[in-house]
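Notes follow once the structure below has been shown.
On a predicted model such as this, the values are computed, not experimentally measured, just so you know.
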Amino acid sequence: MAAPGLPPPPPPPPPPPLLKQASHQSTTGRGGGAGAVGPGSSSSGSTTFTLHLSGELESVQSAACKVMYARLELTAGPDWSLQSGTDQVLTQLAFRHVSSASASGAAPGPPLAGPMSVWWFLVAPILALVSLFMGGGMDRLPAAARDSMVAVWSCPWHAVFRSANPFGWPHAVVGVYGLDAVGRDVLVGYASARIPRSAGRHVIYAPIFTPLASSPFNGFLSSVLGRPPELLDSTLAARSDSRHALRVRSDGLVKLVVNVAFKDMAKLGYLLESPH
């Protein structure tokens with residue numbers, strides 16, 4: 001009680017805003033500072049994992065051309081970013097293996113040139129008609145002939161990706177090209193394979209498919225001109241949208257060796273190891 005004639009004492013100060021401070025610390029922790037650990041983040045504060053890929057584009061088995069090369073393209077979802085390495089690889093030219101029945105020790109000859117190129121354009125319409133009505137592809141050849149039609153590249157590649165979630169897991173798209181009888185680059189086909197989700201070394205045999213023309217007339221015209229149909233965007237081979245409208249035929253196999261390693265996936269709660 002205050003003495004007569006003196007003002008009353010001031011009221012005691014309010015308690016510190018503990019709830020407001022805790023809320024501020026939690027918001028700072030989600031933004032990257034030390035403090036609270038939110039769902040989906042590890043105790044060290046990392047919210048992303050790393051996928052290490054390496055291997056080689058080894059070989060192709062196809063009867064389309066004698067000389068072939070390939071382009072490897074790695075495609076992933078919008079949340080994935082390339083940290084190091086490259087997502088596009090171009091191989092060297094490789095000749096097909098010569099079977100034991102036809103091996104004579106002679107080197108493969110050059111493409112047709114000069115008068116032979118004129119002869120090729122005269123014979124091309126006949127070959128186009130035969131291909132149109134008889135079909136083609138590796139499935140029409142004997143097994144011994146298919147085994148001898150292998151071109152080896154052994155082209156190494158390496159890439160490191162970083163992402164916050166596994167959605168949009170990387171795909172490997174291989175476009176195989178060759179040289180025709182007059183030395184022009186023509187499409188052999190596309191092959192697509194999903195990168196394995198288990199660590200270790202994996203050997204993938206991806207089937208090659210070749211797009212077909214939208215009509216018999218366009219197919220005949222492309223055979224005469226020596227320009228088979230191609231995809232404007234090669235990554236369409238790894239996507240499911242609009243694939244139902246694409247007519248293709250099988251034309252061989254691509255052998256791809258992939259080495260997979262993870263980092264920080266277990267800290268985020270992802271267990272992708274294969275049980276077998």
Side-chain angles (χ1 to χ4, degrees), residues 26-33 35-57 70-91 155-177 187 189-211 229-248 254 256-274:
S26 176
T27 304
T28 307
R30 285 196 300 266
V37 179
S41 62
S42 61
S43 58
S44 61
S46 175
T47 58
T48 60
F49 62 88
T50 308
L51 176 63
H52 297 259
L53 301 176
S54 64
E56 64 179 11
L57 186 54
R71 185 184 67 178
L72 172 66
E73 185 174 359
L74 300 175
T75 175
D79 296 334
W80 294 73
S81 61
L82 183 66
Q83 299 298 309
S84 64
T86 178
D87 56 353
Q88 292 186 1
V89 178
L90 186 65
T91 68
C155 180
W157 58 275
H158 170 262
V160 178
F161 288 93
R162 183 181 295 274
S163 178
N165 60 82
F167 177 76
W169 195 265
H171 274 78
V173 179
V174 181
V176 183
Y177 303 86
L187 175 69
Y190 302 96
S192 174
R194 184 185 295 272
I195 299 298
R197 293 189 179 96
S198 58
R201 184 178 184 271
H202 307 270
V203 179
I204 303 174
Y205 292 90
I208 300 176
F209 64 89
T210 303
E230 299 185 27
L231 298 177
L232 295 178
D233 184 10
S234 60
T235 59
L236 180 64
R239 305 199 306 265
S240 59
D241 54 323
S242 303
R243 281 290 301 273
H244 64 280
L246 184 63
R247 298 172 57 247
V248 299
V254 168
L256 183 66
V257 179
V258 183
N259 301 311
V260 182
F262 307 117
K263 183 181 179 182
D264 294 336
M265 292 202 70
K267 294 180 180 180
L268 301 180
Y270 300 113
L271 300 178
L272 300 181
E273 295 293 337
S274 176

Taken in chain and number order and not counting sequence neighbours, the residues that satisfy ring pair (Phe, Tyr, Trp, His ring centres under 6.0 Å) with F161 are none
Interatomic spacing from OG1 in T48 to CG in N165 - rounded to 0.5 Å: 11.0 Å
Residues that E73 engages under side chain to side chain donor-acceptor pair (under 3.5 Å), provided they are two or more places apart: S234
How long is the straight-line distance from NE2 of H158 back to CD of E56, given to the nearest 0.5 Å? 14.5 Å
Residues that W157 engages under ring pair (Phe, Tyr, Trp, His ring centres under 6.0 Å), provided they are two or more places apart: none
Straight-line distance of M265 CE to L51 CG, nearest 0.5 Å: 8.0 Å
Using the salt bridge (charged side-chain N to carboxylate O under 4.0 Å, His left out) criterion, which residues pair with D264? Sequence neighbours excluded. K267
Taking atom CZ of F167 as the centre, report whether more than 12 heavy atoms of other residues, nucleotides or ligands fall under 6.0 Å from it. no
Test item: W80 side-chain N/O and G168 main-chain N/O as donor-acceptor pair under 3.5 Å: yes
Is the side chain of Y190 donor-acceptor paired with the backbone N or O of L231 at a distance under 3.5 Å, no angle test? yes
Are C155 and L72 close enough that some pair of their side-chain heavy atoms sits under 4.5 Å apart? no
Not counting sequence neighbours, which residues clear side chain to side chain donor-acceptor pair (under 3.5 Å) with Q83? List them please. S81
Does R239 have any salt bridge (charged side-chain N to carboxylate O under 4.0 Å, His left out) partners at least two apart in sequence or in another chain, and if so, which? D233, D241
Just verifying a value: how many Å separate L82 CG and L74 CG, rounded to the nearest 0.5 Å? 8.5 Å
Using the side-chain contact (heavy atoms from CB on, under 4.5 Å) rule, pick out the option among L90, V176, T91 that qualifies with R71. L90
Side chains of V254 and L57 in contact at under 4.5 Å (non-hydrogen atoms): yes
Can you tell me how far apart NZ (K263) and CZ (F49) are? Round to the nearest 0.5 Å. 13.5 Å
4.5 Å side-chain heavy-atom contact, V260 and S198: no
Any side-chain heavy atom of Y177 within less than 4.5 Å of one from E230? yes
Quick check for you: to the nearest 0.5 Å, what is the distance between D87 atom CG and L53 atom CG? 11.5 Å
Closest approach of V160 to H52 (non-hydrogen atoms, all atoms of both residues): CG2-ND1, 3.6 Å
Of the non-hydrogen atoms in A206 and A193, which two are nearest, and what is the gap between them? CB-CB, 4.4 Å
Contact check, side chains of P170 and I195, non-hydrogen atoms, under 4.5 Å: yes
